[in-house]
Every structure is written in C-alpha cells, then in structure tokens.
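These notes concern the structure reproduced below.
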Amino acid sequence: MLAAVLEGVKKIKLREVPKPEPGYGEAVIRIKACGICQTDFKAYTGERRNFTPPIIVGHEMSGIVDKIGKGVTDFKEGDEVVVSPAIHCGKCEYCKSGLEHYCENGATIGGDGFEDVRNGGFAEYVVAPETSLYRKPKSVSFSAAALTEPLAGSYKGMIEYSNLRLGEDVVIIGAGSMGLLLSQVASAAGAATLILIDVEDYKLDYAKRCGATHVINSKKENPKEKVYEILPKGPDVIFEAAGVLDAASLAFDLCRRGSRLNMFGVTTPGTISVSPGHIHFTEINMNASFSVTPRTMLKSLRLMEKGLVNPTKIITHEFPLEEISQAFKIMESIRRIKIVIKP
C-alpha cells in the first residue's frame, strides 16, 4: 500500500509498504479521510517526540472495513466506520472506572497520549482493534467523520470536565481547529456569550461562523480589557485552546472569582508563573482534558448526526495522499484551519 512515512524532522516520504493484516479482534480499514492534527504537525517539526521514526502518523480517521480478523463480531467488510486512535484493554482498573484514556495497557494509533504509538492513518490502510471502531452515520460525510475524535475531545473538555451550563459566558483562547470545535460545542450547549480570542483575523472570521458572539484580535486590542468590557462580571468558563504558553498565562489572567479554567491546548513542555494564593482566594476551578473515551466518541457522532455540530465548517483544505508534503507546508501557513488527507 501507499503510505506517508515520517522518517525524521520535516522528512515525510511517500513509500510502498506492506499492507497490514488483521490480528485477532482486529480489522483493516481502508482510509477515506484523515485529518492533520496539530500534534501530527508537531511530530513533523520534531516538537513531539513520543515515537521512534520511521512511523506513519495521523489519528483522525474514517474509512471502510476492508478485512476482519478472527474474533471480530460486530463489524463486517464494507461497513463505514470511524476509528478512535485510543486503544484500551477494558480490563484494568482505569478502564473499568470509565477512564479508558488512562488505560494501563493503552496504545495510540498514530497519535499521542500513550507510550505505545502504532502506525496511523496517513496511508491507504490501517489496522485497528474492533474496540476502536464506531459506525459512521450515513448522513455524515467521511471528511466530517474523520473529525469525530477531536470533536469528542472538545465535548469531553467543555461539557464533561468544565460542566458548561445553559446561559453561561465562555471565553476560548485560540481559534484554530480545536477552538472552533469547542465554539460549536459551547454554542450548541447554550452558551450565552461566546468570545473567541486569536491573533489572526482569518481565524476569527471562522469563529463567527462557528457560534462566536464576539471576537477579539489580541494583537490589536488588550484582550483582558476587551473581555471585561463585554462581560463586566467576567467569564464563567475559560478555555486555553491556542497551544502556546502566553495563552495559558492569559487564561489565568482572565479569571474572576469562581471561574472554571480548562488547560486544553498546550501539550508540549513549558512553564508559566502562577500564584497559588491568587488561585486560593479567587477559587479558580482549574482542570484539563486530553484524549477521548468511548462515551465521548459516541456523543460526538450523535452531535454530528443530529446536526448540532458541523465539523466541515472548519475544513479549509483537502489533499490526496500523494500531495501530503504540500499539505504539511500549508500547515505552516496562517490561512488554514483543518486540513484533511483523502487517500
């Protein structure tokens, strides 16, 4: 099969590699669409190093079951599916507690979050355990379905962890793909005021299409002054979704007493200065969210099927697998949101 093999920093090469065969309880999926996540881009640039090259990355996948292995009971060849990159054993204490993304024996298909990183979806085929497969609704396109996992992560962070309630006011820092999915989730969940902050007007224009009631370009305006002009009492929920340390610092600075803060975007090493005393007396309720669970994958599929969230709103580019090098070059550009590879 044809695959895009990451051989080193900024070295992604098209190669003919052996097509995978399914083991017990596994299926081979013919990839129809695979999104490029910022973590994939960080692997490409060398910022993410939880794998040993050569490797095939890509973890936002949808496709068609091509072949099933022994022990597969719920899927058959020809089924249209979404692949979750998170592999879990279902047996450890974490899995039995509903925290499958903490699995003691977990692995990831082309992604991040576990030490065991397996070949991913920037290829014509990928092998995955049956437990990582979900049926794609007929009404949802393969490109939209490929974004089930990032949408599930957004739902998990915004609804399950930050407990957004109807009528609350939300600030999201970062209008990239995750910030825009978070915006759609918050809007669908009934956020009253929804403010998106970014440094690029191009992305903020997309934020307006994804439910934002207000946008702030923090290069042109003081973001804290502007937020408190819009919300004199301050925001109920603040999400850091920009993935940079300055955004994490701003997130703390925007908190009022009792604000709920989610550190969602920064996934690489680094530190910021915070005051424990300030957190204590303001009672900032801080959390974070990474990866997905089977429950949130199902919720994500339902949001798309019912038309409450439309991930295609954030897709700006689609490329065939043969042009993946060009796709990664465009990842370095400001004028893009979500790029999808279609083998």
Side-chain angles (χ1 to χ4, degrees), residues 37-42 47-50 59-60 84-86 88 94-95 97-104 106 108 111-115 149-165 168-186 189 191 194-198 234-276 278-280 282-297 299-300:
C37 176
Q38 194 67 21
T39 58
D40 299 319
F41 185 63
K42 288 178 179 179
E47 190 175 356
R48 174 187 144 204
R49 299 182 179 179
N50 67 322
H59 62 276
E60 300 174 353
S84 170
H88 51 86
Y94 286 124
C95 286
S97 300
L99 298 169
E100 292 90 346
H101 60 307
Y102 292 179
C103 179
E104 294 173 353
T108 177
D112 206 345
F114 290 109
E115 291 184 7
E149 186 263 354
L151 176 57
S154 299
Y155 173 89
K156 175 171 163 282
M158 182 66 73
I159 305 301
E160 293 197 347
Y161 279 33
S162 295
N163 193 25
L164 176 65
R165 304 179 185 97
E168 290 191 313
D169 299 319
V170 180
V171 174
I172 299 170
I173 305 169
S177 60
M178 297 307 296
L180 296 178
L181 289 175
L182 285 162
S183 181
Q184 289 194 51
V185 171
L194 179 53
I195 302 171
L196 268 287
I197 301 174
D198 204 277
D236 297 297
V237 178
I238 301 125
F239 256 75
E240 179 284 305
V244 295
L245 294 176
D246 285 348
S249 295
L250 175 60
F252 274 102
D253 201 31
L254 292 177
C255 289
R256 60 152 170 80
R257 281 192 161 180
S259 286
R260 304 194 297 282
L261 167 61
N262 193 298
M263 284 295 172
F264 192 81
V266 178
T267 61
T268 47
T271 60
I272 61 172
S273 177
V274 297
S275 167
H278 176 70
I279 294 173
H280 174 84
T282 55
E283 290 192 339
I284 296 171
N285 188 340
M286 188 181 71
N287 59 28
S289 176
F290 83 96
S291 193
V292 295
T293 64
R295 180 182 60 253
T296 58
M297 287 291 289
K299 290 287 188 180
S300 176

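Small disclaimer: the values here were computed from a predicted structure and weren't measured.
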Under 3.5 Å donor-acceptor, E240 side chain and A247 backbone: no
Heavy-atom side-chain contact between Q184 and L182 under 4.5 Å: no
Nearest heavy-atom neighbours spanning F264 and G153: CE1-O, 3.5 Å
M286 to F252 - nearest heavy-atom pair and separation: SD-CZ, 3.2 Å
Greater than 12 external heavy atoms within 6.0 Å of F41's CZ: yes
Distance (rounded to the nearest 0.5 Å) between N163 CG and N287 CG: 10.0 Å
Trace of the side-chain contact (heavy atoms from CB on, under 4.5 Å) decision for K42 with T267: CA-CA 10 Å; K42 288 178 179 179; T267 61; 3.0 Å; yes
Flag, side chain of S154 to backbone of P150, donor-acceptor distance under 3.5 Å: yes
CD1 on I272 to CG on D246, rounded to 0.5 Å: 9.5 Å
Exam field: side chain T293 to backbone E100, donor-acceptor pair closer than 3.5 Å: no
Close side-chain approach of M158 to I172, heavy-atom, < 4.5 Å: yes
Rounded distance (nearest 0.5 Å) linking atom CD1 of I279 with atom CG of N285: 11.0 Å
Geometric class of the Y102/F290 ring pair [parallel <30°, tilted 30-60°, perpendicular >60°]: parallel
Short side-chain to backbone donor-acceptor contact, D236 and D169, under 3.5 Å: yes
Full working for side-chain contact (heavy atoms from CB on, under 4.5 Å) between S183 and L196: CA-CA 8 Å; S183 181; L196 268 287; 3.7 Å; yes
Minimum heavy-atom distance M263-A251, with the two atoms named: CE-CB, 4.3 Å
Expected output: side-chain K156 to main-chain Y161 donor-acceptor under 3.5 Å: no
Atom pair OG (S291) and CG (L99), whose distance is rounded to the nearest 0.5 Å: 11.0 Å
Exercise: identify the closest heavy-atom pair between M297 and S84: CE-CB, 3.7 Å
Cationic N near anionic O, under 4.0 Å, K299 to E160: no
Non-hydrogen atoms of C95 and H88 that approach each other most closely: SG-CB, 3.8 Å
Step-by-step side-chain contact (heavy atoms from CB on, under 4.5 Å) determination, S259 to L254: CA-CA 9 Å; S259 286; L254 292 177; over 6 Å; no
Whether over 12 other heavy atoms sit under 6.0 Å from E104 CD: yes
Residue pair H59 / T39, side-chain heavy-atom distance below 4.5 Å: yes
V292 to H101 - nearest heavy-atom pair and separation: O-CB, 3.5 Å
Donor + acceptor pair across side chains of N262, S162 (<3.5 Å): yes
Interatomic distance, L151 atom CG to L180 atom CG [nearest 0.5 angstrom]: 12.0 Å
